[in-house]
Amino acid sequence: MNKIALFPGSFDPFTIGHESIVKKAIPLFDEIIIAIGYNTSKKGFFPVENRKKMIETIFKEEPKVKVEIYSELTVEYCKKVKAQYILRGLRTATDFEYERAIAQMNRFMKSEVETIFLLTESEHTPISSTIVREIMKFKGDVSNFISKSVNAYDYL
Ligand code: ADP
């Protein structure tokens, strides 16, 4: 059976921290679905279709990686796409506490979906989509936090 991992998130925008987690996961799974959670009442900073295009460009040479948009419970979406694993990245103890609660709630709802955590590289620990968005609101340079293969401003 193919091992399929769903990497859910807002990815508003997708940073080099996210990219590094996906790259670490590539040898571990047969397929990785980067799933952009979309909430119609919370539109976000980047249009969701542009977030998808940006991530697809970053992984265009990687056949194991797919990008999708979803707006339902993550565990229900896992069932739909036959993902047995949820992939999440951990930066800090705060991330851990938040992620632990979500993973355990997901397990209550769908015990067959296992959450796998990968620890971020230390140099990626301070990088967050929130801070990248704040810098972009003031037209700052975010090129050190986003994949070299894309220009984040092209996707606004
Ligand atoms: P969410 O809105 O679900 O928190 P994010 O897009 O912020 O979605 O993050 C998706 C996942 O990526 C989460 O597991 C988060 O902890 C992880 N992540 C975010 N930034 C980094 C980073 N710099 N390094 C490693 N993992 C990260």
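Order of appearance sets the numbers: ligands from 1, and atoms from 1 within every ligand. The structure presented is a predicted model; accordingly, all values stated were derived computationally and were not measured. Just so it is clear, the values below take in all heavy atoms, side chains as well, and ignore hydrogens, waters and symmetry mates.
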Going by an N to O cut-off under 4.0 Å, is there a salt bridge joining K52 and E68?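 No salt bridge links K52 with E68.
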Between K24 and E121, is there a salt bridge with N-O shorter than 4.0 Å?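 So E121 pairs with K24 through a salt bridge.
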Min N/O separation I127 to ligand 1 under 3.5 Å: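 For ligand 1, there is an N or O atom that lies under 3.5 Å from one belonging to I127.
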Counting only nitrogen or oxygen atoms and a 3.5 angstrom limit, does H124 reach ligand 1?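 Right, the criterion is met.
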Is the shortest distance from a heavy atom of F7 to ligand 1 less than 4.0 Å?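 Yes, F7 has heavy atoms under 4.0 Å from ligand 1.
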E121 heavy atom under 4.0 Å from ligand 1: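 E121 does not count as a contact of ligand 1 under the 4.0 Å cut-off.
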For [atom], the protein heavy atom that lies nearest, with its residue and separation:
{"atom": "atom 12 (O) of ligand 1", "answer": "H18 CD2, 3.2 Å"}
{"atom": "atom 6 (O) of ligand 1", "answer": "F11 N, 2.9 Å"}
{"atom": "atom 15 (C) of ligand 1", "answer": "G89 O, 3.7 Å"}
{"atom": "atom 21 (C) of ligand 1", "answer": "R91 CD, 3.5 Å"}
{"atom": "atom 4 (O) of ligand 1", "answer": "R88 NH2, 3.7 Å"}

At less than 4.0 angstrom from any non-hydrogen atom of [X], what atoms of ligand 1 do you find?
{"X": "E99", "answer": "13 (C), 14 (O), 16 (O)"}
{"X": "I21", "answer": "25 (C), 26 (N)"}
{"X": "D95", "answer": "16 (O)"}
{"X": "T120", "answer": "24 (N), 25 (C)"}

My understanding is that we take every heavy atom of each candidate and find the minimum distance to atom 2 (O) of ligand 1. Doing that for G37, P126, S10, which one comes out nearest?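 Looking at heavy atoms only, S10 sits closest to atom 2 (O) of ligand 1.
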Can you say whether the rings of F29 and Y85 are parallel (under 30°), tilted (30 to 60°) or perpendicular (over 60°)?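 If you compare the ring of F29 with that of Y85, the planes turn out tilted.
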Is it the side chain, the backbone, both or neither of P8 that has a heavy atom closer than 4.0 Å to ligand 1?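 Looking at P8 and ligand 1, just backbone atoms fall under 4.0 Å.
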